[in-house]
Amino acid sequence: MAPSPDRHDAVEPVLRASGLHKSYRSGFLSRGGAVRAVAGVDLDLYPGETLGIVGESGCGKSTLARMLVGLERPDQGEVTFRGRPFFSRGGVPRDIRRRVQMVFQDPLTSLNPRMTVHDIVAEPLRVHRLTPDGRGMRDRVGELLSLVGLSPDRMNRYPHEFSGGQRQRVGIARALATEPDVIVCDEPVSALDMSVQAQVVNLFAELQRTLGVALVFIAHDLAVVRHVSHRVGVMYLGRLAEMGPAAGVYGAPAHPYTMALLSAAPVPKPALRGRTRIMLAGDPPSPVAPPPGCRFHTRCWKATDRCSEVEPALEAVGDHYAACHYAERPAS
Amino acid sequence: MSEPPVLEIRDLHVTFKAHGREIQAVRGVDLTIERGQTLALLGESGSGKSVTAKAVMGLLDHARVRFETARLGGRDLLAMGPDELRSLRGSEMTLVFQDALSALNPVLSIGDQVGELYRVHRGLSRKQARARSIEMLDLVGIPAAAKRVNDYPHQFSGGMRQRILVAMAVALEPDLIIADEPTTALDVTVQAQILELIDRLRRELGTAVLLITHDLGVAAEVSDRVAVMYAGRIVERGEVGELYDRPAHPYTEALLAAIPDLDSPATELRAIPGAPPSPAETPPGCSFAPRCSRASEVCGSTRPPLTILRTGSGRASACHHSEEMLDGALT
Amino acid sequence: PSVPGQNGSGQSAPASADRLTIGTTADVVNFNPLVGNSRTDSWVTNLMYPHLMQMDATGKRVPYLGTEWSYAKDGKTATVKLRDDMKWSDGKPVTADDVVFAVTAVQKEKFGVVAGLITALDKAEAVSPTEVRFKLSRPDGTFLDNVGFWLPIVPKHVFEKAPSVQKFANEANWVSAGPFKLTKVERGQRYIMDRVDGFGPAEPTVKQVVFRVFPDVNTEVLALRNGEIDMIGNVLPPATATELKSDQKVKLQQIPSLGWAHLQYNTKHKPLDDVRVRQALAHAVDYEAIRNIALKGFAKSSNSSVLTPTLPGYADPASKEYTFDPEQAKKLLAEAGQPNLKLGMIYDQADPNIARWAPMVRDAAKKAGITIELQGLERNTYLEKTEKRDFDIYAGSWAVMDNPPANLGLAFKSGGFINYAQVTDPKLDALIDQSQKALTVEEAKAPIQEAARIIHDQVYDNVLYVEEFNIAHSTKWTGFQPMPSELLSILNPLSLASAKPAG
Amino acid sequence: MRFIGLRLARGLLTLWFAVTVTFFLVRLLPGDPVLAVADPNMTEELRQKLLADFGLDKPLLAQYLDYLGQLLHGNLGMSFRQSVPVTTVLMERLPWTLILTITAMVVTIMLGIPLGVLAATRAKGWLDRVIQLTGVTAQSLFVPSVGILLMYVLGVWLGWFPIGGAVDLDATGFGATLSMVHHLVLPCLSLVLIQLGGYVLTMRTTLIDALGEDYVSLAKAKGVRPGKVVWKHALRNALLPTTTIAGLQLGTLVGGAVLTETIYAYPGIGRAIYEAVGQLDFPVLQGAFVLLAAAVVVANLITDVAYGILDPRVRTS
Amino acid sequence: MTAAAVELTPRRRTWTSFRRNPLGMGSGVVLTLLALVAIFAPLIAPFPEGYGAETSQPPSGAHWFGTDDIGQDVFAQVVWGTRVSMAVGVSASVLAIVIGLLIGVSAAYFRRLDTPLGVLVDLSLSLPMLPLMILVAALAGPSVRTLAVVIALFSWPEVARVVRSQALSIVPMPFVSAAKVVGGSSLWIVRKHLLPGVIPVVGVSVVLTTSRAVLAEAGLSFLGLGDPNSWSWGTILHKAQQSGALASAWWTTLFPSLAILLLVLSTTLLSVAYNDARNHRSDT
Ligand SMILES: Nc1ncnc2c1ncn2[C@@H]1O[C@H](COP(=O)(O)OP(=O)(O)OP(=O)(O)O)[C@@H](O)[C@H]1O
Ligand SMILES: Nc1ncnc2c1ncn2[C@@H]1O[C@H](COP(=O)(O)OP(=O)(O)OP(=O)(O)O)[C@@H](O)[C@H]1O
Ligand SMILES: [Mg+2]
Ligand SMILES: [Mg+2]
C-alpha cells in the first residue's frame, strides 16, 4: 500500500493505549484461574495510518480491539483518544464514542437479522441524533451505502438477502456513519470467501485514501495485513512481540516468533515448496497460565535460561521494536 | 498403469431438497486419485467440496446421490451392499473433519474413540484396541499418549484434537484419506505441523489423500494435483505447478490474482466482482460468466464442458476461452 | 380379603361376618372424642366411646351407658343411673367417675359442642359407681337430653394424665369401651376397628370394621360397585341416589335429617329489618322446585316451621308453608317501599346441595323483581362471614337440631351463639326460656310451638326443607338400625353392632 | 468436591427460600390462621393461651425465626388440628408419595427414551408422527378426567385394578408388595401419561440434533454400525438435556401428584396438602412444602450426579 | 444483484413451512374456533342458570351434550366455560409473560442482576407449584381474577427462564456490541435489539403458558377453588363431582374434559409446529 506517512514524532496520536491489561474470569466462583487475554500492551495510532495486528487465535487480538473502542474496560492501563481518556465516570463520552468505530469479523452476526439495512446504517445516526428521521435520513443512508459500493435502492432489504461481501460493506457503512476518526477492524475479511476478500480489502484501502480515517486492522492472515498496513504489530499470548513498519517487520523480522510465523505461512507458489521452514514445536500455551519470563520461550529454538526468567521488554531494534533478549539485529 | 487408481468417481450429482426447492450442490464431478498422490480440491464456500467428500464416504442420508462410476482401488462401490460399504469406511477410506472439537464425541474418551476402529474392523478386544490406540496417538505426536488415552476431547488443545483425528484416519492404513479442510480452524504455526504430519504419513503409508481446502497457499504447499470447484462443478484441474503458473480458467486466474502477495505488497488487488451464485440456481451457461472479465455471448448460453487440454499431463478446464488463455500466457 | 387379580369380581362372593368396610371421604382429624368434630371423627370415636344415651328414629332418647334418668322436682338436680357391665379395654370398669371427669373437663376447659349445651350445670358428682348427679344452677329440661346424647364418656385414668384434656391428641394406645376398638391407623388409607367381646348393650356380629378413605362420593360409588367396600358412610348426593336406586347390588337406606336447610335474613341489615320485606322474600322462593329438582325429591317440607316432622313430639301440624307467589312478594315490597331490592347471599360453595339450589333461589327471586347476588364462598371465609354476621342472606343448613327448646335458644334468643339473623324479640325469648325450664316434652310443647309460630310469621328463619338422607350399603349386609341425622344414620354403634351378612 | 459443596449450598438456599416463601404466604394472605386455631366462641383468656401455645401471639419476625430454629432441629411444629407433631403426620405420607412419583418417573423414562429414539431415527416418517402425536395428546390430558376414565374402565368394568388406596389390608410379605404394585398401576399410569410426552419430545429433538452433529458423521465414517451410532454416540449426548428435564420434572411431579393422589385416594403428601388446605392446618402445609422442597433439592442433586456421570466435561473440570 | 435476493425473509420462510404442516394449521383453526366460541358465547347459547325439568338427560337433539342434575344444558355450560377458561388462560399467560420478559431480559442484559435473578428463577422453579397455587387460591378466596393472578404468579419463572436463555444467546452477538460501539444506551439496546430478538420464543411461550394456565385453572376449579359465579370447564367437572355424577352421567364429565384436551392439545401442537417451522435445520 501507500508509503508510510510522515514520521510520527511530530504528530499527536489519535488513539493511544498504554499498559493495557485484561483478564477474564470464567464463570461464577470457578476454580480455574483467570484468562489473561491481554497483558500489557502499549500502542499509538496516528491519524490516517493503518496499524495491522497479527497473531494466532486466542492471543488477545479481539480483546485488544474491544478495549480500543471502549467496549471493554481495561483492568489496568488506559486508552486515550486525542489525549482524553476513554472511560470517565459513567462511561465513554458520547463524542469520543462517535469518533471511534468498529467493524466486526462476522458480517452476518454483526448485523441484526430483524432490521433492514436502512435501519442498521441509520442506527448510529439516530443514537447520536445526527440526521432527522425521514427523507434526510434516507438520503444520508443512501449516500453511505453508495460510498461502500452498494446500491441505495436495496436499503429496505434484510441482511440475509445480501452476500457475505455485501454484508461486510453494510457493516462498514454503519461504522462510517458517524464520520469517525478511527475504525478498529477485527478480522474484517476472515469470514469472507477468497474471491470476495479482495473486494473488501480494496474498499478499506480506498476509504482510507479518500476519508483519511485511521485504521487498526486485525487479522491472522499475514499477507492481508502486510497488504493494508503501514505499521504492523505481532501479538503472542496477550503481549506484543514485535512492532514496526510493515516492510521492516516482514522484511527483517527481529523476534523469533515473527520469523516462525512468516516461515510457516503457506505460500501460493508451488515453486517455493522446497524452501526450508521453521517448524515450531507444540501448541501455544494456555493464556490461563502463561509461561514465566518470555512467553515464547517454551516453543523458541533460541531460548536460554534467561528467557524463562526475565520477561523481555519491547525495545527498539533498527526501525522497529521487538520484545526478545536475542532479537535479530539488522545486519548493518 | 497396471494399478487401478485408488479413487475413481465419474459424474457425481448430489441434490438436496430444502424449503420445497431443489439444491443441486454437486453437478457432475469426476475425480481420480492415484496411489500415494495428494489431490487438492479447491473452491470457495458452498462450492460443493464437503458434499463431494461425504458422497464418496456414503454419509449423505437425506440427499439424492447419483454416480456413474464409483470405484475404490478397483472395487465397484455401486455394486456393494450397505454392510460391505460400511466395512470399507474407516478402514479403506477415512475422513478427517475440519472442526476437530465438533467431530470428536464429547462424552467418549479418546482411547474409546480411536480404539473403536480396531474393535469394529479388526475385532480386537477392548484392551488390545487400547494398546493400539496408544501406539497411534504416539505416532501422531501426542505427548504421554499412554497417560492421556482416557482423557476426553475437551481436555486437549486444538492442535492435539486435530492430531487425534489424523490418528483415527490413518489407524488402519487406509488406501484413501479424505481431509476436509483439516487445518482451517488452526493457527498458522499449528497448521504447518498438521499438514506436515499428513504428508509424512502419506509418504510412509503410500496412501492417497484427497485434501479439501479453500486456501490456495495450502494447496500449493502439499498437493500433487489440484481440482478447482465452482458452483458444484470442477472448472479446472491439473498438476499443481502448471495450474498455478498458467491457469486455464478465468476463475482460477482471478483467484490467484486476488491473493495479496507478501513480496509485492503495494500493488492493488484484482478483485473478482460479484458473488458466487446460489446452489439453488441453474443458469444455462457457464456459472462464472456473470463475474468473468472474458465472458462472451456463448458463455451466457452454453455451459462449457470440462475438456482435456492439449498441454497434456491430465489438464482439463471448463471454459470456452481456455485455449486463448493458455496462448496468452505462452506468449 | 382381596388378593390382586380377584378384586373386581368380589361381588359374587357372599359377605362373611369377618369384615365390614365403610367408605368415608375424610381422614380422622382428631381421635379425642371431646374435640374432634369432623364426620369421620365422630363415626370412629362413637364406636369407641360410649354416651349416656342414644336416640331412636323419632329423636327420643334411649338407654346406652345410662339406664334411667330423671330430674328432681325443682328441676335443679338431675340423676342418671349407669350400666355396671361395661369395661374399658384395659379391663377397668366404666364408672360414674368417668362421666363426671368428662363433663367437668368440658365445663372447665370450655371446648367442643358440649360446652355450649351445659351452661346450666353447676357441678357433677358420682353418687355411686353407677350413679351420677348433676347439680344445676337453674331448672333446665334440656340438660339431660343434651348431656346424655352429646357427651362422649372417656376413661378418666387415661385422659387425666394430660395437662389439658382439650389438647390431648389420643393418637395411640387407645383405651375405649364401645362395641369396637381401634387397632390400626393408616392415615390417608384406612382405620381398622376390631370387635369387643362382651360388649354389654349389644354383642357385635361383625369381627372387624374398616373405614376406608376416598376422595369423593364418585369413587366411593365405584368402589361399592366394585365390591371393595360394603357401605358408603357419607350421604349420597340426590342424583347419585336416584342413579343407584336401580342397582340390584346396592340397598339405599333413607335417614331423616335432624336439621333443616334454610335461608336467614339479617334483621340488622336494612331493609331486612322490615318484616314485610322478609315475608316478600319468603314468597319469592320456589320451595317445591328446590325439593324436587335440587334434591330430587329426597326432602320433606317442614311447612316453614322450625319444628320439623323428624321430631313428631314437637311438630306443629297447623303450620303452613309460605307459597311461592312472586306477585304477593312484589306487593309486599311495594308496601315496604322497596321495589328494587338488591341483596347478597352467602353460602358454602363446597356444600353440593346448597350450591345447587342457591342459583334457584336467585332465579325465583328475580321473578319477584328481587336481585340476589350469589356469594359462593370457600368454607373458611363463609364461616368467618357467618360469625361476623357479615351478610344479607345466609343460605345454609343445620345438621342436628335434636332438642327444640335448647336449639331454638341458641338460634333465636337475643345473643344466641348461632343467632345468625340477629333476632332480638323479647316475646320470643320469654317463650323459649319457658320451654327450656319445662321438665317434660308435654310441658315444653305449648310455649315452643308458640315460639315457632312467631319465627314463622316474622320470618326469623325461612325453612326450605328437611332432607331425607340416602345411605348406600351392599345388599350383602342387613340388620342395620337407622337413626336420624347423618352423624348416626346406620353408622351408629348400636347399628354396626347388630349388622350382619345377609342370607 | 468443591462442586458438591456448591451444590449443597445451593440446595440449602432452595430449602430456605421454600420455607420463607410459604411461611410468609400463609401469614400475609387474607385467611387468618388465628381463626383456624381459635374457636370464636371460646373465652378470650383461653384463646390467648391457645395462641401462645402455637406461638401465634409473637411478632411475625419472631415467629419466623422460631420456625427456622425449630426446623434446624428437625421440628416442624404441631398440627393445628390433629394435636400431633407435623413430622408424624407427614412421615406417614411421604413414603407413598415417593413410591408413586419415583415409579412413575422410572417408567416414564424407560418408555420415553426408547420412544424418543424411535421417533428421532424415523424423523418425519409415519411412526414418528404417531409417537409425537400420542405424546402430545397424553401430555394434554386433564388428570381428574383420565383418573375417572381409568378407574371406570379398568377398575369397575374390567375389574382389573382396585379403586383407590395404596395396599390391601390383609396382604403380608410378598403379597403386600404385589398388592402395592397392584394399587400403584392406575395412579402411576396417569402420571406416566401426562409426563411421557415431554420426555419423548425432548428426547426426539435433542437426538435429531445430535444425529446431525459432526461426531455422528465421523462415527459413521468410521464404519460403526447404524444402531451403535445411535445408542453409543448420539444418545449419550442427547441424554444430557433429558437429564436436566428429569431433574426439573421430579420437582413438579411431586407437587403435581396432588391431583392424582386426590383422585385415586392415594395416601401421599399431595393429598395431605389438599386436606390441610381445607382445614387451614398451616403447620402441616408448611411442613409439606418444606418436605417437597427437600425432595426437589435431592432430585436436583441426583440430576447433577447423573449429569456428571454422563458428561465428562462436568466431571473433569 | 445475486441469487441471494430470492431468499425469503425468516418470517416468511417460517410461515411457508408452517403452512405445510397440517397439524399446525389444524390447531390454529381449532384455536380460532374456540376463541370465536368464547367471544360469541352469548350468541351460541344462553347463560346456563336456573333449572330445567329434564334433569340428568344423556345427549340428544335438544341437548347436544345432555343435561346435568338440575336440568341445565351441558352444551351451554361448555360454551360459557370456554369463555372463562380461555380468559383465565390468556390473562394469566399475558401477566406471566410480562413479568417473565422483564426479569428474563434484565437478567440476561445486566450482568450484575443475572446471578440474583437467575437464582430467584431457579428457586421459584423448584417450588411445588400446584400445591402453592391451591394454598394461595384457598386463602385469597375464589374469583376469576384471583385465579388468573395466582396462576400468573406461579408461571412467570418458566417464561423468565426461556426468555433469559434466549436473551443470553443474543447479548454476546456482535450486533449488540455494534450497537454499543455506535453509542446505543442500555435502554436502546434492550428496546431495539433484545426485545425483538426474544419475541419469537415468547410467542411459543405464550401458547404454552396459556395451555398450562388452562390446565391449572381446571385443576383449581376442580378442587373447588374456582369462581362459583361463572362457568369454567373445571367448574363443570367440579359440579359433576359434587353431584356424584362423574362416573354415572358420563356426558357431564366427557365434554368439558374433551374441551380441555382440545384446547391444550391444539396449543401444544401449534407451538410444536411453530418451533419446527422456525427451526430450519430440521427442515432437511
Ligand atoms: N468474554 C470472555 N470471557 C472469558 N474469556 C474470554 C472472553 N473473551 C475472550 N476470552 C479469552 O481471552 C483470550 C483472548 O481472546 P481474544 O478473543 O481476544 O483472542 P483473539 O486473538 O481475538 O482470537 P481469535 O483469533 O480466535 O479471534 C482467549 O483465550 C479467550 O478464550
Ligand atoms: N444437508 C444439506 N441440506 C441442504 N443443502 C446442503 C446440505 N449440505 C450442503 N448443502 C448445500 O450444498 C452446497 C455445497 O455445500 P458444501 O458443504 O459442499 O460446501 P463446501 O464447498 O464444503 O463449503 P465450505 O468451504 O463452506 O465448507 C451448499 O450450498 C450448501 O448449502
Ligand atoms: Mg478474535
Ligand atoms: Mg465444507
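Proteins come first, then strands; the chains are lettered A, B, ... in the order of their sequence lines, and each starts at number 1.
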Quiz item: Just by distance, do the side chain of B/Gln193 and the backbone of A/Leu280 share a donor-acceptor pair under 3.5 Å?
Solution: yes
Exercise. Would you check if A/Val225 and B/Pro260 make a side-chain contact, meaning some heavy-atom pair closer than 4.5 Å?
Key: no
Quiz item: So which heavy atom on B/Gly274 is nearest to which on A/Gln199, and how close?
Solution: O-NE2, 3.0 Å
Exercise. Indicate the atoms forming the closest heavy-atom contact of B/Val188 with A/Glu56, along with that distance.
Key: N-OE2, 4.4 Å
Practice problem: To the nearest 0.5 angstrom, please state how far the CD1 atom of B/Ile272 sits from the CD atom of A/Gln197. | Solution: 11.0 Å
Practice problem: Find the one option among A/Gly282, A/Ala260, A/Ser263, A/Ala246 whose heavy-atom pairs under 4.5 Å with chain B are most numerous. | Solution: A/Gly282
Practice problem: Check each atom of A/Met194 against the heavy atoms of chain B and say whether the ones under 4.5 Å are side chain, backbone, both or neither. | Solution: both
Quiz item: chain B: which of A/Ser57, A/Ser195, A/Ala223 shares the most heavy-atom pairs with it under 4.5 Å?
Solution: A/Ser195
Quiz item: Minimum heavy-atom separation for B/Thr189 to A/Arg299, with atom names?
Solution: OG1-NH2, 3.2 Å
Exercise. Pick one of side chain, backbone, both or neither for A/Ala265, based on which atoms fall under 4.5 Å of a heavy atom in chain B.
Key: both
Practice problem: Please check if atom CZ in B/Arg270 has more than 12 non-hydrogen atoms from other residues, nucleotides or ligands closer than 6.0 Å. | Solution: no
Practice problem: Would you mind checking which part of A/Asn202 comes under 4.5 Å of any heavy atom in chain B, side chain (CB onward), backbone (N, CA, C, O), both or neither? | Solution: side chain
Quiz item: Measuring heavy-atom distances to chain A, does B/Ile259 have an atom under 4.5 Å in its side chain, in its backbone, in both, or in neither?
Solution: side chain
Exercise. Run the numbers on B/Met160 and A/Asp283 for side chain to side chain contact (heavy atoms under 4.5 Å, CB included), then give the verdict.
Key: CA-CA 8 Å; B/Met160 294 288 182; A/Asp283 294 341; 3.8 Å; yes
Practice problem: Tell me, with the steps shown, if A/Val267 and B/Glu221 meet side chain to side chain contact (heavy atoms under 4.5 Å, CB included). | Solution: CA-CA 7 Å; A/Val267 184; B/Glu221 294 279 1; 4.1 Å; yes
Practice problem: Among B/Asp215, B/Leu255, B/Leu186, single out the residue with the greatest number of heavy-atom pairs under 4.5 Å to chain A. | Solution: B/Leu255
Self-check item: Engaged part of B/Ala254 at the chain A interface, taking heavy atoms whose separation is under 4.5 Å
Solution: neither
Quiz item: Based on non-hydrogen pairs under 4.5 Å, which of A/Ala198, A/Pro270, A/Gly55 is most in contact with chain B?
Solution: A/Pro270
